[in-house]
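First listed ligand is number 1; within each ligand, the first listed atom is number 1. All residue numbers in this chain count up from 1 along the given sequence.
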Amino acid sequence: MNPLLNKLHPYPFERLRALNKDIVPNPALKSISLSIGEPKHATPAFIKQALSDNLQGLASYPATAGEPALRAAMAAWLSRRYGVHVDPATQVLPVGGSREALFAIAQTVVDPTRPGATVLCPNPFYQIYEGAALLAGAQVAYVNSDPARNFAADWASVPDEVWARTQLLYVCSPGNPTGAVMPLAEWKMLFELSDRHGFVIASDECYSEIYFRDEPPLGSLEAATALGRSDFRRLIAFTSLSKRSNVPGMRSGFVAGDAALIKPFLLYRTYHGSAMNPVVQQASIAAWNDEAHVVENRNLYRSKFAQVTPLLAEVLGVALPDAGFYLWADVSRVAGDDIAYAQGLLAQYNVAVLPGSLLARESDGKNPGAGRIRLALVASVDECLEAAHRILSYTRSL
Ligand SMILES: Cc1ncc(COP(=O)(O)O)c(C=O)c1O
């Protein structure tokens, strides 16, 4: 067996199940889950229609690079959304959702034969970054997020000798779980560090279309263009339809960026067998070409967050995030321990939330997720409001 498999950590939900195995949720109340970040709004009818209209696609093998029409639709969306220009032939590739691509990029980029091969990721983080790095034969360095600076990762705390051996840096903006969007100044600093040390930046932007202020989140390709780096050197962005278009089951997204990265990535993906189903390609073209459903979806989240956030702000340290569909709540003043808080909430009020410490690793002597919980506001407004009222009662009782 591949010995690197033993390095993988159990997934946060697996750890949560084990932690909660002896808890009996209050049977008098209907179960509400705010723990899993799975979109629950309805899939738009036109996307389902596009799937059923294109079933003839099942009769042929797809190319890993995708149909030219799909690549053109993805490039056109980037141009409308960010004002950036990519060559559809060399700078974009379809992927089966951002998760597999975030994993695959580490297998493409990391050279484990170089001493101290390191992958850097924010902390807390989406667990795939860590597993991808470990299976690529690298070690992981975690960069804690700083609540005092809108949860910005503390890049300045990374020693020069770590930057020097870093081969790949994962960035998540808008962030999961914090919802924070990285500003241009931070991109500038990371691009300069990448120029100095030669590492690749993988920018996970799967929450980019769910935001709460007028200005849409800055994208990495947009930041690069603004800073005069229109070749996107050593930068690759990961975008997904899952959250934007409520199709997590369709497994569709794309990467875009440096042609010198896309080319070896295509080679890797050809061998791995990561071509997108032709039916899904057609439905994805329809989805990328339509913005009306995205506006509608965003408005649903906006209305939900506008109702739930002020209620929870009464008892927990929450504020409207920049983007995403999570509240990253501070329970340290009421409970101290995020796991105990979550277990009590489940037992007494039948509401499941994700303890923040499960989303982060101990680094620099602390776990930056400790004392926090992640609330995924993916269910209906009514269900989220009901959960918020139960959280109010529970927290007040502590
Ligand atoms: C930060 C982050 N990146 C990537 C993904 C993967 O999404 P998908 O593979 O559906 O595009 C998720 C899913 O929850 C996520 O939270």
Arg196 and Glu192 ion-paired at < 4.0 Å
no
Which atoms of ligand 1 sit under 4.0 Å from any heavy atom of Cys206?
2 (C), 3 (N), 4 (C), 5 (C), 12 (C), 15 (C)
The option among Tyr126, Tyr207, Phe325 carrying the non-hydrogen atom nearest to atom 16 (O) of ligand 1 is Tyr207
Is the closest basic N to carboxylate O distance between Asp195 and Arg229 below 4.0 Å?
yes
Ligand 1 to Ser242 polar contact by distance, N or O atoms, under 3.5 Å
yes
Are Arg251 and Glu100 close enough for a salt bridge, meaning some N to O gap below 4.0 Å?
no
Would a 4.5 Å heavy-atom cut-off, applied to side chains only, mark Arg234 and Ile201 as touching?
no
Which residue supplies the protein heavy atom nearest to atom 13 (C) of ligand 1, what is that atom called, and how far is it?
Lys243 NZ, 2.6 Å
Among non-hydrogen protein atoms, atom 9 (O) of ligand 1 lies closest to Arg251 NH2, 2.7 Å
Does the ring centre of Tyr207 sit less than 6.0 Å away from the ring centre of Tyr326?
yes
Where is the nearest protein heavy atom to atom 3 (N) of ligand 1: which residue, which atom, and how far?
Asp204 OD2, 2.5 Å
Between Arg396 and Glu314 (salt bridge meaning N to carboxylate O under 4.0 Å), is one present in this structure?
yes
Leu102 contact mode with ligand 1 (heavy-atom cut-off under 4.0 Å)
side chain
Tell me the contacting part of Pro248 for ligand 1: side chain, backbone, both, or neither, using a 4.0 Å heavy-atom threshold, strictly below.
neither
Once you round to the nearest 0.5 Å, how far does OG of Ser357 lie from CG of Asp337?
7.0 Å
Does this structure show an ion pair linking Arg244 with Glu291, if we count only N-O contacts that are shorter than 4.0 Å?
yes
Show me which atoms of ligand 1 lie under 4.0 Å from any heavy atom of Cys172.
1 (C)
If you measure every N/O of Asn176 against every N/O of ligand 1, is any gap under 3.5 Å?
yes
Near Gly97, which atoms of ligand 1 are under 4.0 Å from a heavy atom of that residue?
9 (O), 11 (O)
